[in-house]
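Beneath this line is the structure, given in structure tokens, with notes to follow.
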Amino acid sequence: MIQAIVFDLDDTLYAQQEPFAQAIKELFPTFPDEKMQALFIQFRYYSDLHYMKSISGEWSLEKMRHERIRLALEDFDFDFDTATADFTKFQAAYDTALNHISLPTEMREILDFLTQKKIPIAIITNGPVIRQNQKINALKLTKWIKPENIFISDALQIQKPDPEIFHLTAEKLTLPADTILYIGDSFENDVVGAKSAGWQVWWFNHQGRELPAGQSAIYDLEINSFVQLKERLLNEKKLQR
């Protein structure tokens, strides 16, 4: 039985690669288009890897943002001048692009469907409160999701994959853990975190990532596109008010 659905935000409710690619093309126009998806996956890898350093105070948020794109570009032997490359400008271009994100058609249809079925919807997202709220506003998500059902890690001082952020959400939804379905793109943060809390989990692997080394397929289902996600949710027999 599924009595509520909780989504990750970044690269789950919207396609994060699109604003990322816009910023890359603006600041590093010679980077090859055919390698853009692979670069984005590395960017997300370094973002997740070093995010906790910005939370602990070991790194500033600015340093984390600088390093995640620098390291990703270096992995592709992209030729940039370390002394003059302005990664601050990249972040500014990326932030600007993120202000213009929109929901894929399939995701709007999913949210409409869940609302009509009166299935509670929530979000759990890692990130700074101001930045994540800007994305939520750009996507107009409060049309479907109550503000009190939006859980941002920095506001709670609990970061995925810590199961406590999932336990807190379950308490707010007043539902047993095993009746909540979590959908997210990050294996480490979303799949591992939600499973550790006793939730059902669909891995939204639309970027075609490999399972991390040493991990097993602990998710309940792997979804590979927005179209497939819509088809599966709209026909899910376990959904129950």
Side-chain angles (χ1 to χ4, degrees), residues 1-16 101-127 132-133 135-153 155-156 158 160-207 217-241:
M1 164 188 330
I2 298 170
Q3 292 185 297
I5 297 184
V6 183
F7 293 94
D8 171 47
L9 175 60
D10 293 312
D11 216 31
T12 297
L13 283 169
Y14 72 99
Q16 194 177 19
I101 54 177
S102 60
L103 290 172
T105 299
E106 295 85 359
M107 190 56 72
R108 288 198 300 273
E109 292 174 357
I110 287 168
L111 295 173
D112 283 341
F113 170 77
L114 296 175
T115 300
Q116 290 164 7
K117 294 278 286 186
K118 297 185 179 178
I119 302 295
I121 312 169
I123 292 171
I124 301 176
T125 178
N126 279 356
Q132 299 308 87
N133 274 327
K135 297 171 189 174
I136 288 163
N137 292 335
L139 296 169
K140 301 180 175 58
L141 287 171
T142 54
K143 173 182 176 183
W144 300 276
I145 304 171
K146 298 175 182 177
E148 59 266 30
N149 285 352
I150 297 174
F151 303 91
I152 301 175
S153 64
L156 301 171
I158 311 170
K160 294 182 296 182
D162 188 334
E164 280 306 309
I165 198 167
F166 297 92
H167 294 323
L168 175 62
T169 302
E171 289 175 10
K172 294 288 186 181
L173 294 172
T174 64
L175 289 171
D178 62 359
T179 68
I180 304 172
L181 171 64
Y182 191 75
I183 300 172
D185 72 295
S186 169
F187 188 91
E188 295 88 342
N189 287 337
D190 298 324
V191 175
V192 172
K195 270 298 175 187
S196 297
W199 290 21
Q200 301 176 61
V201 185
W202 290 2
W203 185 23
F204 188 34
N205 189 24
H206 63 112
Q207 296 289 357
I218 60 173
Y219 46 81
D220 297 282
L221 185 67
E222 180 178 349
I223 301 289
N224 301 120
S225 70
F226 284 99
V227 170
Q228 186 186 8
L229 180 61
K230 172 194 161 184
E231 290 174 352
R232 185 57 197 251
L233 273 176
L234 268 59
N235 292 286
E236 178 54 59
K237 296 187 184 342
K238 291 168 65 178
L239 278 177
Q240 181 176 328
R241 268 187 67 187

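What you see is a predicted model, and the numbers here were worked out from it, not measured in a lab.
Side chain of His167 to backbone of Ala177: no donor-acceptor contact under 3.5 angstrom is found. Between the side chain of Tyr182 and the backbone N or O of Ile124 there is at least one donor-acceptor pair closer than 3.5 Å. Between the side chain of Asp190 and the main chain of Asp185, a donor-acceptor pair closer than 3.5 Å is present. No donor-acceptor distance shorter than 3.5 angstrom exists from the side chain of Thr125 to the backbone of Ile152, with no hydrogens or angles considered. Here the side chain of Asn149 pairs no donor or acceptor atom with the backbone of Ile145 at under 3.5 angstrom. In this structure, Asn126 contributes its side chain and Lys160 its backbone to a donor-acceptor pair below 3.5 Å.
With a 4.5 Å cut-off on side-chain heavy atoms, Gln132 and Ser153 do not count as touching. Side-chain contact between Leu168 and Glu164 is absent, with no heavy-atom pair separated by less than 4.5 Å. Two residues are said to be in side-chain contact when any heavy atoms from C-beta on lie closer than 4.5 Å; Ile101 and Gln16 fail this criterion. No side-chain heavy atom of Leu13 sits less than 4.5 Å from a side-chain heavy atom of Ile136. Here the side chains of Ile119 and Phe113 are not in contact, with every heavy-atom distance at 4.5 Å or above. In this structure the side chain of Phe7 never reaches within 4.5 angstrom of the side chain of Leu141, judged on heavy atoms.
In plain terms, the two heavy atoms of Glu236 and Ile2 that are nearest each other are CG-CD1, 4.0 Å. Closest of all the heavy-atom pairs between Glu222 and Asn224 is OE2-ND2, 3.1 Å. The heavy-atom pair separating Pro161 from Phe166 by the smallest distance is O-CE1, 4.4 Å. Closest approach of Thr179 to Leu175, counting heavy atoms only: OG1-CB, 3.7 Å. Considering all non-hydrogen atoms of both residues, Phe204 and Ser225 come closest at CE1-O, 3.4 Å. For the residue pair Gln207 and Asp11, the shortest heavy atom distance occurs at NE2-OD2, 3.1 Å.
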Query raised in the report: Please walk me through it: do Gln200 and Asp220 pass side chain to side chain donor-acceptor pair (under 3.5 Å)?
Result: CA-CA 6 Å; Gln200 301 176 61; Asp220 297 282; over 6 Å; no
Requested in this report: Start with the C-alpha distance between Leu229 and Met107, add both sets of side-chain angles, then the distance that settles side-chain contact (heavy atoms from CB on, under 4.5 Å), and finish with yes or no.
Outcome: CA-CA 8 Å; Leu229 180 61; Met107 190 56 72; 3.7 Å; yes
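In this structure, the separation between CG on Leu233 and CG on Leu114 is 6.0 Å, given to the nearest 0.5 Å. The CG atom of Asp10 sits 6.5 Å away from atom CG of Asp8, with the distance rounded to the nearest 0.5 Å. Between atom NZ of residue Lys230 and atom CG of residue Leu111 there is a gap of 12.5 Å, rounded to the nearest 0.5 Å. To the nearest 0.5 angstrom, Lys118 atom NZ is 15.5 Å from Leu239 atom CG. Put simply, CD1 on Ile5 and CG on Leu173 are 11.5 Å apart, with the number rounded to the nearest 0.5 Å. In this structure, the separation between CD on Glu231 and CG on Asn235 is 7.5 Å, given to the nearest 0.5 Å.
Scanning for ring pair (Phe, Tyr, Trp, His ring centres under 6.0 Å) contacts around Tyr219 gives Trp203, with sequence neighbours left out.
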